[in-house]
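Single-structure report; data block below.
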Amino acid sequence: MSRSDSESGRTTAIIMPMQYRQGPGVIRELPEAVARFGERAQALVVATSGGLERLGEPLLADWRAKGMRARFAEFGGECSEAEIGRLRTEAESCRASVIVGIGGGKLLDAAKSAAYRLELPVIIAPTIASSDAPCSALSVIYDEQGRVAKLETHPHNPDVVLVDTEVILQAPLRYLAAGMGDALATAPEALACLRGGGRTILGAYPTRLGTAAAELCGRILEADGVQAYADAGRGERTEAFERVVEANTLLSGIGFESGGLAAAHSLHDGLTELPECHHLLHGEKVGFCTAVQATLLGEPDETARFLTFCRQIGLPATLAEAGLRQTGAELRGKLLVAAERALAPEETIHQIGRTFTAAEIADAFEETDRIARRLFA
Ligand SMILES: [Zn+2]
């Protein structure tokens with residue numbers, strides 16, 4: 001069978017939010033977004049008390065003036081079965097017709113899961129741009145000890161995503177950088193998945209549009225990432241900042257889900273096995289692991305490029321900065337623990353179409369660290 005014959009027999013797939021709106025002040029559109037689900041639609045709005053405080057009383061008054069019917073539920077802090085069950089009960093008791101999540105990744109994931117289990121639509125309004133969670137049809141569910149218990153896939157992506165860039169600009173800079181770390185992996189992972197003949201988490205092959213979203217995400221970070229980081233640091237909402245928020249949130253979301261994942265996220269999962277790395281945000285680990293993926297694939301120029309980018313936006317760019325200050329056999333032992341986890345059967349590293357050993361992965365971590373220390377000496 002020729003290459004084109006085998007390709008034409010494959011199923012490709014893409015999924016994405018029904019509606020995505022980004023810009024300064026779009027959070028004010030929430031009443032209209034809720035009303036789309038019925039004239040007398042009742043919303044359960046999940047937020048933290050600090051989050052609502054930051055949005056401010058004038059906004060809440062504006063929502064009330066527009067006639068938005070809402071009950072507010074304070075988020076408990078963890079996306080766990082207990083928390084999802086509690087939100088579900090709250091939604092049932094106020095006869096909610098739509099669930100709204102306003103906040104960060106775990107809160108948004110809990111809102112998505114509660115809505116999915118009640119077969120209700122969900123509106124997502126991220127207050128930080130720290131990962132590609134807002135647009136995805138996935139929730140990461142944790143156990144009561146804070147360990148990842150499972151990934152829940154939903155039958156569809158959020159109905160509406162409202163990304164208010166004024167709100168995101170006010171968040172600590174660390175979150176924007178972490179979002180860029182997560183988004184940095186999107187293009188090289190999608191390309192490694194494509195070249196390796198791998199499948200996406202949808203169980204299908206990548207659509208060209210999924211791959212293109214990932215590549216555009218990478219180009220925006222390269223052109224605008226450092227500028228956006230500096231602009232946000234000065235509190236300026238510039239075009240570069242707007243483009244990077246779209247890259248972190250929408251393009252990375254479509255790119256990872258429908259373009260494919262590869263080694264970087266598996267290496268990240270490996271680092272979650274090490275308590276030394278627990279203080280880091282998801283994207284802070286993924287950025288460094290993007291450089292390790294390039295080393296693993298024999299692309300040292302890419303390794304250097306990714307490490308330089310991480311360094312420029314304050315992300316960990318050496319093992320020590322990622323929390324691993326051990327040396328010699330002690331460090332090697334830690335890296336082998338991470339490597340074993342990265343090679344677990346469910347991990348996306350297998351989509352590359354090559355087999356790796358734990359020793360090769362530990363080598364790649366060490367070699368990336370050497371390249372980094374030479375670069376930044
Ligand atoms: Zn990620």
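As the structure lists them, so they are numbered: ligands from 1, and atoms in each ligand from 1. Scope of the values below: all heavy atoms of this structure, side chains included, with no hydrogens, waters or symmetry mates.
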**Message:** What I want to check is whether the side chains of Thr295 and Thr303 have a donor and an acceptor closer together than 3.5 Å.
**Reply:** yes

**Under 3.5 Å side-chain donor-acceptor pair for Ser252 and Thr186** = yes

**Message:** Please say yes or no: joined through hydrophobic side-chain contacts below 4.5 Å, possibly via intermediate residues, are Leu162 and Ile168 part of one cluster?
**Reply:**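 Result: no, two separate clusters.
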
**Request:** Could you tell me which residues satisfy side-chain hydrogen bond (donor to acceptor under 3.5 Å, both in side chains) with Thr357, sequence neighbours excluded, listed by chain and number?
**Result:** Glu360

**Message:** Test of understanding: with side-chain contact (heavy atoms from CB on, under 4.5 Å), list the residues that count as partners of Ala344, not counting sequence neighbours.
**Reply:**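 Residues passing side-chain contact (heavy atoms from CB on, under 4.5 Å) with Ala344: Glu346, Glu347.
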
**Prompt:** What protein N/O/S atoms are found closer than 2.8 Å to the Zn ion (ligand 1)?
**Reply:**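 Under 2.8 Å from the Zn ion (ligand 1) - ignoring waters, which are not counted - the protein N, O or S atoms are Asp182 OD1, His265 NE2, His282 NE2.
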
**Set of residues satisfying ring-ring contact (aromatic ring centres under 6.0 Å, His included) with respect to Tyr116, sequence neighbours excluded** =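 ring-ring contact (aromatic ring centres under 6.0 Å, His included) check on Tyr116 returns His154.
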
